[in-house]
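As the structure is a computational prediction, the values presented were derived from the model and not from experiment. Remember, it's 1-based here, ligands and their atoms both numbered in the order they're listed.
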Amino acid sequence: MSSYDIISLNDFIIRQQKDFPYARGELSSLLHHIGTAAKMVNAKIRKAGLVEILGRAGAENPQGEDQQKLDRYADEVFIDALQASGECCGVASEENQNEVVFTEEFAARGKYIVCIDPLDGSSNIDYNVSVGSIFSIYRRVTERDAESGIADFLQPGSKQVAAGYVIYGSSTMLVYTTGNGVNGFTLDPTIGEFCLSHPSMKTPSKGRIYSINEGNYIKFPDGVKRYIKYCQENDPATGRPYISRYIGSLVSDVHRNLLTGGIFLYPPSIIYPSGKLRLVYECNPISFIIEQAGGVATDGRNRILTISPGSLHQRSPFYCGSPEMISQLVGMCC
Ligand code: AHM
Ligand code: MG
């Protein structure tokens, strides 16, 4: 492959924009800024253990600053990048109680709002386990000459114009969709660019991996317990017993299952009666990607993307993955 065969994220975004002659480049610019923020967060994550070791001797890190928590850092980087883009008039983040409304005229008139989970699975970071960032982009529903309002952020997932995740794993990848398939880009650290590595990602119609926190087994609804037993039963005709894999980092669990085929489950339980995952920041963007890759995402009864959120931090039961596996689950549970 010559160096000219490399398709960077920015090249790809521009090529896609050319397919829409009336597009004005606003979404492209927004995606470009998200890619830049992801590289900044990645750089910080790659130094996480090192900073801690170097900082341990005193209360300050080598630069004389207090060590910032990484999830706080990621939140600030994404919000600043989105504001700087001028295309986004506000951000709802899992890290903040309320949406952040941009008031500077340059940003306030932006056409889009963004919902982010800046660092998902951050409890894993101290143990060098992969984490992720998740984002969704919606067209605002309020008038462009005013500031954004809560209605902009409480749209059903079917209204997303783009969604994606970044996985900070053994390599760093950005995976996104604008509703025309899913494409994955791997960060080449030698040139600092996300390069197209996984074009037109499709999930297999079935797989052999089930991902669930089985430590909560006794607290799950009976239907979910039945399905777990089904996964564990011996039946060579259907490839069972299935393989249990659970990282506890949504992006990583979903990314693996998307590539190999599988099912991810975060059901309601006695501790989390509505499940743990957040509809706006986690379930909606992941569902958009999964559906675009040929998979299915449901709360057990409803397609996730049809649910209208009542509040920013609303939780939802969440099941997603290969269509045949989800259909088996729904048949047994609901
Ligand atoms: P977070 O947003 O506070 O990081 O929590 C979300 C994470 C997901 O990445 C993961 O799927 C889930 O929590 C794991 O939860 P549990 O530890 O209950 O299995
Ligand atoms: Mg999260």
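Annotation: side chain of E147 is not in contact with side chain of R109 (no heavy-atom distance under 4.5 Å).
The atom name of the N/O/S atom in E282 closest to the Mg ion (ligand 2) is OE2. Sorting the N, O or S atoms of D117 by how far they are from the Mg ion (ligand 2) puts OD2 first. Residue-level check: among N/O/S atoms of D120, OD1 sits closest to the Mg ion (ligand 2).
Checked by atom type, the side-chain pair T172/N42 shows a donor-acceptor distance below 3.5 Å. For the 3.5 Å distance criterion, the side chains of R256 and S211 qualify, holding a donor opposite an acceptor. In this model, no donor atom of one side chain and acceptor atom of the other lie less than 3.5 Å apart for T142 and S148. Side chains of S287 and R303: a donor-acceptor N/O pair is absent below 3.5 angstrom, by distance only.
Ring planes of Y246 and F264: parallel class, angle under 30° (limits at 30 and 60°).
Atom 12 (C) of ligand 1 has its closest protein heavy atom at K276 NZ, 3.8 Å. The shortest contact between atom 14 (C) of ligand 1 and any protein heavy atom is with Y246 OH, 3.2 Å. Of all protein heavy atoms, the one closest to atom 18 (O) of ligand 1 is Y266 OH, 2.6 Å. Regarding atom 3 (O) of ligand 1, its nearest protein heavy-atom neighbour is E94 OE2, 3.9 Å. Looking from atom 4 (O) of ligand 1 to the surrounding protein, the closest heavy atom is G121 N, 2.7 Å. For atom 6 (C) of ligand 1, the closest non-hydrogen atom of the protein is D120 OD1, 3.4 Å.
Backbone and side-chain nitrogen or oxygen atoms of L250 are examined, and one is located within less than 3.5 angstrom of a nitrogen or oxygen of ligand 1. In terms of polar-atom proximity, N213 is counted as a contact of ligand 1, with an N or O under 3.5 Å from an N or O of the ligand.
Ligand-side atoms of ligand 1 in range of S122: 4 (O), range being under 4.0 angstrom from any heavy atom. Listed by number with element, the atoms of ligand 1 under 4.0 Å from a non-hydrogen atom of E282 are 2 (O), 6 (C).
Residue contacts with ligand 1 for D117 involve side-chain atoms from C-beta outward but no N, CA, C or O (heavy atoms, distance under 4.0 Å).
Remark: E94 does not engage R72 in a salt bridge, criterion side-chain N to carboxylate O under 4.0 Å.
The aromatic ring centroids of H313 and Y281 lie less than 6.0 Å from each other.
Here the straight-line distance linking atom OG of S158 with atom CD1 of I304 works out to 12.0 Å at 0.5 Å rounding.
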